[in-house]
Amino acid sequence: MPQEKFVIRGGKNLSGTIRVKGAKNNALKVLAASLLSKELWTITRVPFVEDVLRTLELLRALGVEVSDTLSGGDIVTLRAKNIISTTLDTEVSKRIRASMVLTGPLLARMGEVVFPHPGGCVIGERPIDIFLKGYEALGASVELSKGFYHLRAKNGLRGSSIFFPVVSVTATETLMMAAVLARGTTMLKNAAMEPEVAALADFLNACGARISGHGTPHIAIEGVSELGGGTFQVIPDRIEAGSFALMAGATRSRLTVADCNPAHLDALISLLQDTGVEVEKTESSLTVDATGRKNLKARSIITHEYPGFVTDLQAPAAVFLTQLEGESRVFETIFEGRLNWTQELVRMGARITVADPHRIFVNGPAQLRGREITSPDIRAGMALIIAGLIAEGETTVHNIYQIDRGYEKIEERLRGIGADIQRVNA
Ligand code: EPZ
């Protein structure tokens with residue numbers, strides 16, 4: 001794959017409407033869930049991003065019949081009639097953390113799954129202990145041999161009560177999927193309440209699952225013997241929507257963020273409004289107006305599970321904070337490595353003091369200057385694009401593979417609102 005980079009010339013006025021794609025972190029789980037059913041599933045509004053393509057590759061290798069229109073449309077059809085393997089492809093699994101969500105449905109359907117420790121972003125230690133304990137509670141045996149996990153439940157999974165010691169989005173989703181085909185009832189306690197979890201449960205129910213309590217910390221799943229077919233539209237990507245809203249604030253622009261669900265963005269909207277940015281909502285759009293606002297007030301953020309301030313918006317929010325008057329604090333409570341990227345922002349002129357791996361102080365406003373920078377992960381990559389848009393001069397962002405993992409054709413869409421950003425071969 002050729003190495004590519006983004007070259008951004010900052011300081012341009014942004015305006016107009018930008019449309020939000022389907023949520024990567026909802027699409028990945030629904031695609032994985034197709035392993036639970038022998039019938040045809042049609043998924044629409046699927047974003048054309050690297051992590052989705054890699055997940056489809058994993059599913060095809062397991063025998064799922066997949067067809068997609070992703071290069072020109074957004075529809076994927078899947079049919080897992082005959083599963084031909086219970087081993088996840090090593091190379092792909094090591095690249096994307098979301099490969100882990102395939103293990104639940106595969107174990108439930110086939111009574112066996114083999115996989116390596118999953119990869120993903122460089123945002124901190126990403127253990128899988130909660131998944132493994134959950135599988136054991138559902139009656140599976142877990143063996144680690146030569147770097148591969150072997151999970152077996154030859155007589156099928158059985159319902160159980162599982163308490164999550166920390167709230168985990170993918171562990172909630174994965175164990176919920178596994179429990180759909182288990183015998184008896186499973187209770188998930190201290191479950192994640194993210195909209196992506198609730199949307200997945202609603203769709204599984206539409207296909208014949210019996211899940212209740214999703215969207216709350218207590219999810220009950222009554223096992224069923226099989227799931228039928230169905231059609232599902234992926235929910236709007238709240239991280240993309242929030243990033244565009246923060247982009248409007250940071251660049252002092254007026255942008256309409258269309259095709260989103262503002263009801264999923266309360267914490268972000270509250271932050272923007274507290275600083276002095278104007279936000280207007282409809283059912284499916286946000287108009288964020290920061291034009292002419294010179295003295296936006298410093299505000300602090302603490303990342304938290306939904307409905308708190310989502311960790312995936314911490315990085316773009318931190319760039320916004322560099323443009324506020326006074327000292328803001330960022331307390332990243334979910335991942336211990338997720339503030340390291342701010343060193344790149346400091347190289348661009350941000351005034352940031354690191355208190356400890358979880359906390360920084362941001363002093364603003366700071367004039368950022370164009371630099372050669374490297375994107376360490378998906379969300380920090382988007383943050384560095386926003387930094388490039390407000391910086392004086394030219395910014396080059398390297399390692400944009402990370403950005404392509406989560407945002408579809410981002411440069412084309414940003415050019416549509418006036419940004420000067422080009423993708424060039426490195
Ligand atoms: C999901 O990751 C998202 N990924 C992440 O988005 C997101 O940042 C995160 O949730 C938090 O919202 C997907 O949905 C594919 P967690 P996930 O398990 O589920 C600890 C992006 O940019 N933990 O909710 O992997 C873990 O270390 C990605 O799109 C354990 O200790 O995150 C963390 O501190 C990055 N043991 C906490 O739980 C486990 O077995 C919450 O992480 C599992 C997790």
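Indexing begins at 1, ligand by ligand and atom by atom, following the structure's order. Just so you know, residue 1 is the first one in the sequence shown, and it goes up from there.
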Worksheet entry | Ligand-side contact atoms (ligand 1) for residue partner Thr311, heavy atom cut-off under 4.0 Å | 8 (O), 11 (C), 12 (O)

Item to complete: Give a yes/no on ligand 1: does Ala171 have at least one heavy atom closer than 4.0 angstrom to it?
Response: no

Worksheet item: For ligand 1, is there an N or O atom under 3.5 Å from any N or O atom of Asn25?
Response: yes

Item to complete: Could you tell me whether Ile130 approaches ligand 1 through its side chain, its backbone, both or neither, with non-hydrogen atoms closer than 4.0 Å?
Response: both

Worksheet item: For ligand 1, which atoms have a heavy atom of Val167 less than 4.0 angstrom away?
Response: 24 (O), 41 (C)

Worksheet item: Among Ala98, Pro127, Ala27, Gly406, which residue places a heavy atom closest to atom 31 (O) of ligand 1?
Response: Pro127

Worksheet item: Once the angle between the rings of Tyr149 and Phe115 is folded into 0 to 90°, is it parallel (under 30°), tilted (30 to 60°) or perpendicular (over 60°)?
Response: parallel

Worksheet item: Which option out of Ile378, Asp312, Thr55 puts a heavy atom nearest to atom 7 (C) of ligand 1?
Response: Asp312

Worksheet item: So do the side chains of Asp274 and Arg299 get within less than 4.5 Å of each other, counting heavy atoms only?
Response: yes

Fill in: Side-chain (Gln323) to main-chain (Ala366) donor-acceptor, under 3.5 angstrom
yes

Worksheet entry | Atoms in ligand 1 with a heavy atom of Lys24 nearer than 4.0 Å | 21 (C), 29 (O)

Worksheet, complete the sentence: Minimal heavy-atom distance between Leu227 and Ala209, with the atoms involved, is CD2-N, 3.4 Å

Worksheet entry | Ile128: numbered ligand 1 atoms lying under 4.0 Å from its heavy atoms | 40 (O)

Discussion item. I'd like to check which ligand 1 atoms, numbered from 1 as shown, lie under 4.0 Å from a non-hydrogen atom of Arg97.
Written reply: 25 (O), 43 (C)

Discussion item. I'd like to know if the side chain of His358 pairs up with that of Glu336 as donor and acceptor (distance under 3.5 Å, no hydrogens or angles considered).
Written reply: no

Fill in: Proximity flag Lys29 to ligand 1, non-hydrogen atoms under 4.0 Å
yes

Worksheet item: Quick one: does Arg338 get a heavy atom under 4.0 Å from ligand 1?
Response: yes

Practice prompt. Can you sort out the partners of Thr287 under side-chain hydrogen bond (donor to acceptor under 3.5 Å, both in side chains), two or more places apart, ordered by chain and number?
Written response: Thr256

Worksheet item: Do Glu112 and Thr86 have a side chain donor and acceptor closer than 3.5 Å?
Response: yes

Worksheet entry | CA sep, side-chain torsions, deciding dist, call: Glu222, Arg210, salt bridge (Lys or Arg N to Asp or Glu O under 4.0 Å) | CA-CA 5 Å; Glu222 262 182 72; Arg210 301 177 72 176; 3.7 Å; yes

Response to the item:
For Arg379, the ligand 1 atoms with a heavy-atom partner under 4.0 Å come out as 21 (C), 22 (O), 29 (O)

Discussion item. Just to be sure I read this right, does ligand 1 sit under 4.0 Å from the backbone of Thr170, its side chain, both, or neither, counting only heavy atoms?
Written reply: both

Atom pairs and distances, donor-acceptor, side-chain atoms in residues 177-204, under 3.5 Å, two or more places apart:
| residue | atom | partner | partner atom | Å |
| --- | --- | --- | --- | --- |
| Arg183 | NH1 | Asn155 | O | 2.8 |
| Thr186 | OG1 | Ser160 | N | 3.4 |
| Lys189 | NZ | Ser161 | OG | 3.3 |
| Asn190 | ND2 | Phe164 | O | 2.8 |
| Glu194 | OE2 | Tyr306 | N | 3.0 |
| Glu196 | OE1 | Arg238 | NE | 3.3 |
| Glu196 | OE1 | Arg238 | NH2 | 2.9 |
| Glu196 | OE2 | Arg238 | NE | 2.8 |
| Asp202 | OD1 | His214 | NE2 | 2.9 |

Discussion item. Need the ligand 1 atom indices (1-based, order shown) with element for anything under 4.0 Å from a heavy-atom of Val169.
Written reply: 1 (C), 10 (O), 12 (O), 16 (P), 18 (O), 19 (O), 24 (O)

Practice prompt. Scan side-chain atoms only and decide if Thr282 and Ser285 contain a donor-acceptor pair under the 3.5 Å cut-off.
Written response: yes

Worksheet item: Hey, are the side chains of Ile239 and Phe244 touching, using non-hydrogen atoms and a 4.5 Å cut-off?
Response: no

Response to the item:
Among Ala380, Ser168, Gly337, Ser99, the residue with a heavy atom nearest to atom 16 (P) of ligand 1 is Ser168

Discussion item. Could you check whether any heavy atom of Asp377 sits closer than 4.0 Å to an atom of ligand 1, since that is the contact criterion I want to use?
Written reply: no

Worksheet entry | Under 4.0 Å to a heavy atom of Ile334 - the qualifying atoms of ligand 1, by number | 33 (C), 34 (O), 41 (C)

Worksheet entry | Minimal non-hydrogen separation, Leu35 against Pro105, with atom names | CB-CB, 3.8 Å

Discussion item. One residue to check: Phe335. Relative to ligand 1, which of side chain, backbone, both or neither has a non-hydrogen atom less than 4.0 Å away?
Written reply: side chain

